[in-house]
Amino acid sequence: MNFTKLKHILCFFVFQFSFHFCYHSDKPSQQYLSLLGANSLNRKITIVGDSLAQWSNGFGLKQKLPSEFTVTDLSVAGYSTEDWLQNKNRLNEIPTQIWILELGTNDAMVYGTSGFETRTRSLIDFLQNSQNSIVYLTLIPRTNMSSIRETIRTNNETLRHIKSQKQNVETIDVESVFESYQGNVPLYPVSDPIHPNQVGYEIMGELYRKKILGI
């Protein structure tokens, strides 16, 4: 085999390998790709939430994500966006590349729709000004409590609007998944219309996991 032919064969295999390695039909999200520029051995995620995150142990993300991710759950039962704004200095203490905001149930019960957009924008601005990071806004489930379902729906629309206007902000649409759920097992226990059961928490955890990994 002459040298020229051998060179062509080698180039062909290099091209095929490079194409296979670089191309994937399910492209990772832009946010996940941006993380690759950070320390690949330690990607930090912080959950800022309420009882849904706290009572589910951060939606199991410490177990669901690969070992290079460090997950910190700062969630406090009963907290709203206003409570976190009043305690925002706590959020400066942990270096973070992805913030997960899981808030809104308590806002709906205490404030309705009043001031929700302003408080959420203020919280996002604080997080993004203090650190170069991505913010994931959770479109929370509407719950089985009829008195706040419409309020939550409206506030979730507000979150979609915020996402469309701000850079490095994404949404996790738990609302749509819960509303379209047709499984045999209900997502809420009979005794608690606010907090999902383990099936509901598992759905939420998987949505976060797939978003973070870009799958």
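Sequential numbering from 1 along the given sequence is applied to the chain's residues. Keep in mind that what you see is a predicted model, and the values were worked out from it rather than measured.
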Taking [X] for its side chain and [Y] for its backbone only, find out whether a donor-acceptor pair lies under 3.5 Å.
X: R119; Y: W84; result: no
X: R149; Y: T143; result: yes
X: T138; Y: L101; result: yes
X: S164; Y: H161; result: yes
X: D83; Y: S80; result: yes
X: N197; Y: G200; result: yes

Run the salt-bridge test on E202 and R209 with the 4.0 Å N-O cut-off and return the result as yes or no.
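Result for this pair is no, no salt bridge flagged.
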
Using side-chain heavy atoms (C-beta onward) and a distance below 4.5 Å, is [X] in contact with [Y]?
X: L213; Y: F69; answer: yes
X: F116; Y: L159; answer: yes
X: H195; Y: L52; answer: yes
X: Y136; Y: I212; answer: yes
X: R121; Y: K166; answer: yes
X: I172; Y: I100; answer: no
X: W99; Y: L91; answer: yes

Atom pair [atom1] ([X]) and [atom2] ([Y]), whose distance is rounded to the nearest 0.5 Å:
X: I98; Y: E170; atom1: CD1; atom2: CD; value: 10.5 Å
X: T151; Y: N156; atom1: OG1; atom2: CG; value: 11.0 Å
X: L207; Y: K211; atom1: CG; atom2: NZ; value: 10.5 Å
X: I162; Y: E117; atom1: CD1; atom2: CD; value: 5.0 Å

For [X] and [Y], work out which heavy atoms get closest and say how close.
X: D73; Y: S75; result: OD1-OG, 2.6 Å
X: R90; Y: V76; result: NH1-CG2, 4.0 Å
X: N106; Y: G78; result: ND2-C, 3.3 Å
X: T96; Y: S133; result: O-CB, 3.5 Å
X: P196; Y: F178; result: CG-CE2, 4.1 Å

Indicate whether any N or O donor in one side chain lies under 3.5 Å from an N or O acceptor in the other, for [X] and [Y].
X: Q86; Y: E82; answer: yes
X: T171; Y: D173; answer: no
X: D125; Y: S122; answer: no

Listed partners of Y188 passing ring-ring contact (aromatic ring centres under 6.0 Å, His included), at least two apart
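With sequence neighbours excluded, Y188 shows a ring-ring contact (aromatic ring centres under 6.0 Å, His included) to no residue whatsoever.
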
Please walk me through it: do I124 and L137 pass side-chain contact (heavy atoms from CB on, under 4.5 Å)?
CA-CA 9 Å; I124 293 170; L137 301 175; 3.8 Å; yes

May I have the step-by-step check of side chain to side chain donor-acceptor pair (under 3.5 Å) for N155 and T158, ending in yes or no?
CA-CA 5 Å; N155 286 345; T158 297; 4.7 Å; no

Decide side-chain contact (heavy atoms from CB on, under 4.5 Å) for I140 and E102; before the verdict, give the C-alpha distance in whole Å, the side-chain angles of both, and the deciding distance to 0.1 Å.
CA-CA 7 Å; I140 61 169; E102 178 277 302; 4.2 Å; yes

Report yes or no: do [X] and [Y] belong to one cluster of Ile/Leu/Val/Met/Phe/Trp/Tyr joined by side chain heavy-atom distances under 4.5 Å?
X: M109; Y: L139; answer: no
X: L187; Y: V190; answer: no
X: M145; Y: V110; answer: no
X: Y181; Y: I152; answer: no
X: Y111; Y: L103; answer: no

Taking everything shown except Q165 itself, do over 12 heavy atoms lie less than 6.0 Å from its CD?
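It does: Q165 CD has more than 12 such atoms within range.
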
Looking at D192, I want to see if its CG is surrounded by more than 12 non-hydrogen atoms of other residues, nucleotides or ligands under 6.0 Å.
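Enclosed.
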
Intermediate values then yes/no, side-chain contact (heavy atoms from CB on, under 4.5 Å), L127 and T46
CA-CA 11 Å; L127 297 177; T46 302; over 6 Å; no

Can you check salt bridge (charged side-chain N to carboxylate O under 4.0 Å, His left out) on E175 and R153, steps first, answer last?
CA-CA 8 Å; E175 176 191 29; R153 187 197 67 77; over 6 Å; no

side-chain contact (heavy atoms from CB on, under 4.5 Å) between I148 and I194: does it pass, once the steps are laid out?
CA-CA 10 Å; I148 61 173; I194 297 292; 3.9 Å; yes

